[in-house]
Amino acid sequence: MAITALQLITNSMRLLGAVASGESPTADEQTDALQVLNDMLDAFNTDQLAIFTNYDVTFNTVAAKQAYTIGPATGDITATRPVGIEYAYSIDNGITTPIMLANTQQWADVLQKTYSEDTPRAIYYEPAYPLGVINVWPVPSAIVPITISVNSQFAPLATTAASIAYPPGYGKWLRYQLAVELGPEFKVSVSDDIRQIASDTLAAIKGINRQQPVTAFDPALTNYAG
């Protein structure tokens with residue numbers, strides 16, 4: 001589904017009573033509301049449970065190179081700078097090998113960061129700006145294709161004529177959440193009902209996007225070797 005920024009802004013302002021049915025916001029109101037909408041989408045991109053899809057980015061390592069920048073145009077890896085990485089793996093001769101995602105503490109605990117092997121076993125992502133940095137360990141001694149899964153992001157809307165695309169379930173949240181955000185901008189009181197609907201629809205979205213944890217058992221404990 002898709003809607004233009006102006007349609008979304010108008011619908012949200014109508015919820016607030018800031019415009020009447022059949023009316024459109026003034027040019028100044030549209031400009032101010034577009035900024036609020038873009039700020040809202042930018043903040044939304046940092047909430048991994050609220051993001052509806054991921055996409056894969058594949059890059060080749062360089063022998064003896066540990067750190068790879070990622071971002072538009074000037075990065076070693078040309079892609080949208082990720083907020084975070086969901087998972088990673090490499091494929092060699094048709095065999096897929098998972099690569100562990102290390103957190104800050106785990107990366108700090110690696111004493112010999114320059115240690116080298118043919119195949120990396122872990123990556124540590126630093127969400128620096130404007131380019132993120134992917135650190136690979138052990139340092140690859142050869143070319144290895146690595147695939148990372150990153151969160152898709154809502155792109156900024158340049159004008160009110162620009163469209164925003166979303167899957168089922170997001171339209172209501174966008175309309176009500178934008179109304180919540182626009183209230184202070186236009187000095188309009190936001191009702192408890194609008195706030196509650198925005199909260200409930202976001203909770204429903206997160207519930208759909210939440211992945212169920214997978215429990216693994218040691219075969220020695222379960223007497224099962226499958």
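Everything numeric here is computed off the predicted structure, so don't read it as measured data.
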Treating [X] as the side-chain partner and [Y] as the backbone partner, does any N or O pair qualify as donor plus acceptor under 3.5 Å?
| X | Y | answer |
| --- | --- | --- |
| Arg175 | Tyr170 | no |
| Thr31 | Ala27 | yes |
| Ser199 | Arg195 | no |
| Asp76 | Thr69 | yes |
| Gln196 | Asp193 | no |
| Thr4 | Ala162 | no |
| Gln153 | Arg81 | yes |
| Glu181 | Val36 | no |
| Gln66 | Lys113 | yes |
| Thr10 | Pro25 | no |

Nearest heavy-atom neighbours spanning [X] and [Y]:
| X | Y | answer |
| --- | --- | --- |
| Ile3 | Leu8 | CD1-N, 3.8 Å |
| Ala5 | Leu34 | CB-CD1, 4.0 Å |
| Arg121 | Pro138 | N-CD, 3.5 Å |
| Val190 | Gly183 | CG2-CA, 3.7 Å |
| Ile148 | Ala88 | CG2-CB, 4.0 Å |
| Gln106 | Ala102 | OE1-CA, 3.3 Å |

Atom [atom1] of [X] and atom [atom2] of [Y]: how far apart are they, to the nearest 0.5 Å?
| X | Y | atom1 | atom2 | result |
| --- | --- | --- | --- | --- |
| Asn45 | Leu41 | CG | CG | 7.0 Å |
| Asn103 | Met100 | CG | CE | 7.5 Å |
| Ile123 | Thr61 | CD1 | OG1 | 12.0 Å |
| Thr114 | Leu111 | OG1 | CG | 11.0 Å |
| Asp118 | Ser90 | CG | OG | 11.0 Å |
| Gln177 | Ile194 | CD | CD1 | 11.0 Å |

Q: Decide yes or no on side chain to side chain contact (heavy atoms under 4.5 Å, CB included) for Ile197 and Lys172, but give the supporting numbers first.
A: CA-CA 9 Å; Ile197 291 173; Lys172 188 174 183 179; 3.7 Å; yes
Decide whether [X] and [Y] meet the rule of one side-chain donor and one side-chain acceptor closer than 3.5 Å.
| X | Y | value |
| --- | --- | --- |
| Gln7 | Asn11 | no |
| Thr147 | Asp56 | no |
| Tyr115 | Glu117 | yes |
| Thr104 | Tyr124 | yes |

Would you say [Y] ends up clustered with [X] if hydrophobic residues are merged whenever their side chains have heavy atoms under 4.5 Å apart, either directly or through other cluster members?
| X | Y | answer |
| --- | --- | --- |
| Val57 | Val83 | no |
| Trp137 | Tyr68 | no |
| Leu101 | Val139 | no |
| Val133 | Val144 | no |
| Tyr129 | Phe154 | no |

(Q) Pair Ile146, Val136 - check side chain to side chain contact (heavy atoms under 4.5 Å, CB included), show working. (A) CA-CA 10 Å; Ile146 294 179; Val136 180; 4.3 Å; yes
Q: Kindly indicate, with the supporting measurements, whether the criterion side chain to side chain contact (heavy atoms under 4.5 Å, CB included) is fulfilled by Leu131 and Ile70.
A: CA-CA 5 Å; Leu131 300 176; Ile70 180 169; over 6 Å; no
Q.
I'd like to know whether CG of Asp109 has more than 12 heavy-atom contacts from other residues, nucleotides or ligands below 6.0 angstrom.
A.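 Counting other residues, nucleotides and ligands, CG of Asp109 exceeds 12 neighbours.
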So, do [X] and [Y] sit near enough that their side-chain heavy atoms are less than 4.5 Å apart?
| X | Y | answer |
| --- | --- | --- |
| Leu202 | Tyr176 | no |
| Ile134 | Ile77 | yes |
| Met40 | Leu174 | yes |
| Thr26 | Glu29 | yes |
| Ile143 | Val62 | no |

(Q) Counting the benzene-type ring for Trp, do Phe44 and Trp173 have ring centres under 6.0 Å apart? (A)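 Aromatic pair counts; centres sit under 6.0 Å.
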Q) Is the Tyr87 ring parallel, tilted or perpendicular to the Tyr89 ring (thresholds 30°, 60°)? A)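 Rings of Tyr87 and Tyr89: parallel, as their planes differ by under 30°.
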